[in-house]
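Worth knowing before you read on, the calculation uses all heavy atoms, side chains too, and leaves out hydrogens, waters and symmetry mates.
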Amino acid sequence: MANHMNHPFHLVDQSPWPLTGALGAMTTMLGMINWFHQYNQTLLMLGFLIMIMTMIQWWRDITREGTYQGLHTKTVIKGLRWGMILFIISEVFFFLSFFWAFFHSSLSPNIEIGSMWPPTGIMPFNPIQIPLLNTMILLSSGITITWAHHSLLNNNHNQTTQGLFITVMLGIYFTLLQAYEYIESPFTIADSIYGSTFFMATGFHGLHVIIGTTFLLTCLLRHMSLHFSSNHHFGFEAAAWYWHFVDVVWLFLYISIYWWGS
């Protein structure tokens with residue numbers, strides 16, 4: 001390949017990571033099926049290991065291309081920006097399907113579940129206990145990530161580090177509280193349409209919180225390695241957008257499923 005290019009685009013080098021990522025995803029899926037049916041977690045752990053190793057090395061390569069090799073030009077960043085916007089729009093429609101299922105079932109409950117919502121025999125969570133605390137945590141994390149972003153724009157390294165660190169800690173705290181809530185839950189995913197919609201919607205949101213926390217933790221490590229500047233930090237910006245999306249989805253979940261739906 002020639003050492004010079006007459007265009008601003010990034011033609012990526014050949015990489016094994018899409019292949020190992022697909023292999024890891026398939027192994028994880030088969031491992032989950034095996035775990036559910038045979039109560040054996042070995043294949044699932046192998047799948048997680050392949051996925052984690054792929055993620056670390058793929059992100060390392062992208063960091064190298066964008067930070068050290070200068071391949072993320074303004075044109076490339078514009079493409080990345082639109083890619084992230086379209087990805088978040090696709091995620092909005094993903095959650096829309098769960099809200100659709102919830103409102104379809106709750107606004108006109110059928111006779112099989114006692115013609116009432118929540119269905120007969122289901123004891124829902126108290127919305128002003130852990131769910132309200134989790135709402136406060138995510139709203140606070142929205143403030144701290146915005147503080148970190150403004151600090152980065154003003155070249156304030158220490159405050160960006162503090163803001164990012166607090167946001168990551170709040171994300172972990174949210175996940176631990178949701179795990180505790182699931183353990184203490186008086187109903188399961190098998191308890192009628194209420195259990196199904198509740199655990200699918202809140203469970204996938206919890207997964208998105210874990211992904212967003214990982215995204216922000218990666219940004220924190222990159223920031224501490226001086227990868228970001230006030231005018232070149234799209235990785236951070238994408239993480240902040242994603243976190244705000246997670247935040248807004250939780251507000252809708254809290255208002256509709258925890259508060260109105262109980």
Thr146 vs His244, side chain to side chain contact (heavy atoms under 4.5 Å, CB included): CA-CA, chis, key distance, verdict = CA-CA 9 Å; Thr146 305; His244 286 306; 3.5 Å; yes
Closest non-hydrogen contact found for Thr213 with Val168 is CG2-O, 3.8 Å
What distance separates Asn155 CG from Ser230 OG, expressed to the nearest 0.5 Å?
-> 4.0 Å
What one should report as the nearest heavy-atom pair of Ala201 and Leu253 is CB-CD2, 3.6 Å
Would a distance-only check, ignoring hydrogens and angles, find a side-chain to backbone donor-acceptor pair under 3.5 Å from Ser108 to His104?
-> no
Flag yes if Tyr180 and Ile128 sit in one hydrophobic cluster, no otherwise; membership is Ile, Leu, Val, Met, Phe, Trp, Tyr, and two members link when side-chain heavy atoms are under 4.5 Å apart.
-> yes
Determine, stepwise, if the pair Ile130 / Asn134 fulfils side chain to side chain contact (heavy atoms under 4.5 Å, CB included).
-> CA-CA 6 Å; Ile130 288 179; Asn134 266 345; 4.0 Å; yes
Looking at side-chain heavy atoms only, is the closest gap between Leu44 and Asn34 below 4.5 Å?
-> no
Heavy-atom side-chain contact between Phe174 and His205 under 4.5 Å = yes
For a side-chain contact (heavy atoms from CB on, under 4.5 Å) with Phe95, tell me which candidate from Trp100, Phe245, Phe252 qualifies.
-> Phe245
Hey, do the aromatic rings of Phe102 and Trp117 have their centres closer than 6.0 Å?
-> yes
State the OG1-CG distance between Thr175 and Leu170, to the nearest 0.5 angstrom.
-> 10.5 Å
Within a reach of under 6.0 Å around CZ of Phe165, are more than 12 heavy atoms found that belong to other residues, nucleotides or ligands?
-> no
Locate the shortest heavy-atom distance separating Pro118 from Pro124; write the atom from each residue and the value.
-> CG-CG, 3.8 Å
Near Met45 CE, under 6.0 Å, is it more than 12 heavy atoms from other residues, nucleotides or ligands?
-> yes
Within 6.0 angstrom of Met169 CE, more than 12 heavy atoms from elsewhere | yes
Candidate pair Phe199 and Tyr182, rule ring pair (Phe, Tyr, Trp, His ring centres under 6.0 Å), full reasoning = CA-CA 9 Å; Phe199 282 106; Tyr182 276 18; 4.9 Å; yes
Going from CD on Gln41 to CG on Leu43, what distance comes out if it is rounded to the nearest 0.5 angstrom?
-> 11.5 Å
Take Thr218 and Trp59 through the test side chain to side chain contact (heavy atoms under 4.5 Å, CB included) and record every step on the way to the result.
-> CA-CA 9 Å; Thr218 305; Trp59 295 346; 3.7 Å; yes
Considering all heavy atoms, the nearest Thr160-Asn156 contact | OG1-O, 2.7 Å
Take His233 and His149 through the ring pair (Phe, Tyr, Trp, His ring centres under 6.0 Å) test and state the conclusion after the steps.
-> CA-CA 10 Å; His233 57 263; His149 192 195; 5.4 Å; yes
Are Met51 and Trp35 linked, directly or through other ILVMFWY residues, by side chains that come within less than 4.5 angstrom of each other?
-> no
Could you tell me whether Tyr258 and Trp250 have their ring centroids closer than 6.0 angstrom?
-> yes
Output the distance between atom SG (Cys219) and atom CG (Leu152), rounded to the nearest 0.5 Å.
-> 9.5 Å
Quick one: does Gln178's side chain have a donor or acceptor within less than 3.5 Å of a partner on Tyr173's backbone?
-> no
Side chains of Trp260 and Phe103: closer than 4.5 Å at any heavy-atom pair?
-> yes
Is a side-chain N or O of Ser185 found less than 3.5 angstrom from the main chain of Phe187, in a donor-acceptor match?
-> yes
Polar contact flag, side-chain donor to acceptor under 3.5 angstrom, Thr73-His10 = no
Just by modelled atom types, is the Ser192 backbone N or O under 3.5 Å from a matching donor or acceptor in the Ser196 side chain?
-> yes
Compare all side-chain heavy atoms of Glu181 with those of Pro131 and state whether any distance is below 4.5 angstrom.
-> yes
Would the Phe234 and Trp241 ring centres measure less than 6.0 Å apart?
-> yes
Take Ile257 and Thr197 through the side chain to side chain contact (heavy atoms under 4.5 Å, CB included) test and state the conclusion after the steps.
-> CA-CA 9 Å; Ile257 294 178; Thr197 51; 5.8 Å; no
Just checking, is any N or O donor in the side chain of His208 or Glu91 under 3.5 Å from an acceptor N or O on the other one?
-> yes
Modelled atom types, side-chain donor and acceptor of Gln57 and Trp17, under 3.5 Å = no
Is there a side-chain contact between Val249 and Phe204, using heavy atoms and a 4.5 Å cut-off?
-> no
Can you name the nearest heavy-atom pair linking Ser229 to His232, along with the distance?
-> OG-N, 3.1 Å
Following the transitive rule for hydrophobic clusters with a side-chain heavy-atom cut-off under 4.5 Å over Ile, Leu, Val, Met, Phe, Trp and Tyr, establish whether Leu132 and Leu176 coincide in one cluster.
-> yes
For Arg81, check side-chain hydrogen bond (donor to acceptor under 3.5 Å, both in side chains) against everything at least two apart and list the hits.
-> Glu237
Hey, could you give me the CG/CG distance between Leu139 and Asp247, rounded to the nearest 0.5 Å?
-> 5.5 Å
Determine whether Met29 and Phe36 fall in the same hydrophobic cluster, where Ile, Leu, Val, Met, Phe, Trp and Tyr are linked whenever their side-chain heavy atoms lie under 4.5 Å apart.
-> no
Check the side chains of Trp243 and Ser141 for a donor-acceptor pair under 3.5 angstrom, ignoring hydrogens and angles.
-> yes
Hydrophobic side-chain clustering at under 4.5 Å (ILVMFWY, transitive links): who's grouped with Ile52? Put none if nobody.
-> Ile56
Enter the distance from Phe215:CZ to Phe236:CZ here, rounded to the nearest 0.5 Å.
-> 10.5 Å
Note, Ser105 side chain near Tyr194 side chain (heavy atom, < 4.5 Å) | no
Please check if the side chain of Asp61 supplies one atom and the backbone of Trp58 the other of a donor-acceptor pair under 3.5 Å.
-> no
Report whether Leu49 and Leu23 are members of the same hydrophobic cluster (ILVMFWY, side-chain heavy atoms less than 4.5 Å apart, transitive linking).
-> no
Minimum heavy-atom distance between His72 and Ile77, given as atom pair plus value | O-CD1, 3.6 Å
Any Thr214 side-chain heavy atom under 4.5 Å of Leu217 side chain = no
Does His157 reach the side chain of His223, with side-chain heavy atoms less than 4.5 Å apart?
-> yes
